[in-house]
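Beneath this line is the structure, given in structure tokens, with notes to follow.
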Amino acid sequence: MEGLNQFLFPALMLFATGLMGAMFKRNLITIFMSIELMLCGAMLAMLAFASEFNDMAGGVFVFFILTIAAAEVAVGLAIITQLFKVENTVSTKGMNTLGD
Amino acid sequence: METFLYYLFCAMCLCGGLGVIILRGYVNTAMSMLVSMLGVAGLMFLMQAYFVAILMVSVYAGAVLVLFIFVVMLMGDTTDGVNIWKKLALLALWVAAGCLVGWFAPEMVEGLRSSGPSAGTSVLAEAKNYGTALFTEFMLPFQIVGLLLLAAMVGVIAIAKPFTVRNRNNDMD
């Protein structure tokens, strides 16, 4: 097995999947999960390069990304629950009040 | 054995990701995201980054997914209304993206060559190396991340508090 490409392929595919979900889904929770998938793909790519070049920086930044993802999930889900209280739905279809 | 594990984890990763964008129920979506996260952790394990893999399982599968499922359970409506044509279009787009990535992947890193195959253990394997790096070279980002976590905590409390208009006269009760 060759080193770098075999880990970059799942990373890129995970990122592409997350991007597709974030672009085409109409549901706040699914969009949020897709963003998490994109973060996972980025982490995997970063770790693949770090492991290929035997460098510590990539690993440490994966650690930071994990922390920030956890914080982001907490804030995002709080916003989604508040939005659900107001709108009574999590679909993005009617959420255009800022655009009017 | 390693090849088999690689393909297994890859399949978990990709099928979980596909499940997130294809499946209908929220709980199904969350479970397929769990499968995807476990696949990612397994791939990290194959890279000898054991510490990050364990962190991935405990933080993502342990904390983030539980948070997602809690929020899903708090909401009554548990299905995502996507019709079959949109699903098929997403599936076709996903396959197309896979073909594109798989086609470009060998050429993508042609110019990059590592300083030689890293024989022996990787530097990412030991948790001790992470601690050393965090407290020497990456001290400032570490502190900033601590501050960010505090800000996120305060922000979440401020957002989740019941939204009331405070009246000066009725402030005591």
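First the proteins, then the strands, lettered A, B, ... as listed; each starts at 1.
The choice from Pro141(B), Ala151(B), Gly16(B) that makes the most heavy-atom pairs within less than 4.5 Å of chain A is Pro141(B). Among the candidates Gly18(A), Gly59(A), Gly21(A), the residue making the largest number of heavy-atom pairs closer than 4.5 Å to chain B is Gly59(A). Contacts with chain A were tallied for Leu65(B), Leu134(B), Leu14(B); Leu134(B) has the most, counting heavy-atom pairs under 4.5 Å. If you tally non-hydrogen atom pairs under 4.5 Å between each of Val52(B), Leu149(B), Leu93(B), Asn129(B) and chain A, the highest count goes to Leu93(B).
In this structure, chain B has no heavy atom under 4.5 Å from any part of Glu72(A). Heavy atoms closer than 4.5 Å to chain A are found in the side chain of Tyr60(B), but not in its backbone. For Ala74(A), the parts sitting under 4.5 Å from any heavy atom of chain B are the backbone and the side chain alike. Both the backbone and the side chain of Met47(B) come within less than 4.5 Å of a heavy atom of chain A. Both the backbone and the side chain of Ala97(B) have a heavy atom closer than 4.5 Å to some heavy atom of chain A. If you measure heavy-atom distances from Asn88(A) to chain B, you find no contacts under 4.5 Å at all. Neither the backbone nor the side chain of Ala22(A) comes within contact range of chain B; no heavy atom of the residue lies under 4.5 Å from a heavy atom of that chain. Contact annotation for Thr29(B): both backbone and side-chain heavy atoms come within less than 4.5 Å of a heavy atom of chain A. For Val75(A), the parts sitting under 4.5 Å from any heavy atom of chain B are the backbone and the side chain alike. For Ala11(A), no part lies near chain B; criterion is any non-hydrogen pair under 4.5 Å. Interface remark: Leu83(A) contributes no atoms to any contact with chain B (heavy atom separation under 4.5 Å). Within the 4.5 angstrom heavy-atom criterion, atoms from both the backbone and the side chain of Ile159(B) approach chain A. In this structure, chain A has no heavy atom under 4.5 Å from any part of Met153(B). Only the side chain of Val59(B) comes within contact range of chain A, with heavy atoms under 4.5 Å apart. Both the backbone and the side chain of Val40(B) have a heavy atom closer than 4.5 Å to some heavy atom of chain A. Of the two parts of Ile80(A), the backbone and the side chain both hold a non-hydrogen atom closer than 4.5 Å to a non-hydrogen atom of chain B. Only the side chain of Phe61(A) comes within contact range of chain B, with heavy atoms under 4.5 Å apart.
Atom CZ of Phe138(B) sits about 12.0 Å away from atom CZ of Phe63(A), to the nearest 0.5 Å. A distance of 6.5 Å separates CG of Leu90(B) from NZ of Lys25(A), quoted to the nearest 0.5 Å. Atom CG of Asp55(A) and atom CZ of Phe49(A) lie 12.0 Å apart (nearest 0.5 Å).
Around atom CD of Glu87(A), more than 12 heavy atoms belonging to other residues, nucleotides or ligands sit under 6.0 Å away.
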Show your reasoning for whether side chain to side chain contact (heavy atoms under 4.5 Å, CB included) applies to Lys87(B) and Leu91(B). CA-CA 6 Å; Lys87(B) 257 182 210 177; Leu91(B) 191 63; over 6 Å; no

Take Gln6(A) and Leu46(B) through the test side chain to side chain contact (heavy atoms under 4.5 Å, CB included) and record every step on the way to the result. CA-CA 11 Å; Gln6(A) 63 171 0; Leu46(B) 286 186; over 6 Å; no

Is there a side chain to side chain contact (heavy atoms under 4.5 Å, CB included) between Met13(A) and Trp94(B)? Walk through the geometry before answering. CA-CA 9 Å; Met13(A) 262 324 276; Trp94(B) 190 77; 3.7 Å; yes

Verdict with reasoning, Glu126(B) to Tyr50(B), per side chain to side chain donor-acceptor pair (under 3.5 Å): CA-CA 7 Å; Glu126(B) 273 190 71; Tyr50(B) 308 117; over 6 Å; no

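Between the side chain of Ser36(B) and the main chain of Ser32(B), no donor-acceptor pair closer than 3.5 Å is present. Not one N or O on the side chain of Thr30(A) forms a donor-acceptor pair closer than 3.5 Å with the backbone of Arg26(A).
Within the 4.5 Å cutoff, no side-chain heavy atoms of Met38(A) are placed close to those of Leu14(A).
Not less than 6.0 angstrom separates the ring centroid of Phe68(B) from the ring centroid of Tyr26(B).
Taking the six-membered ring where tryptophan is involved, the planes of Tyr130(B) and Phe51(B) are tilted, since the angle between them lies from 30° to 60°.
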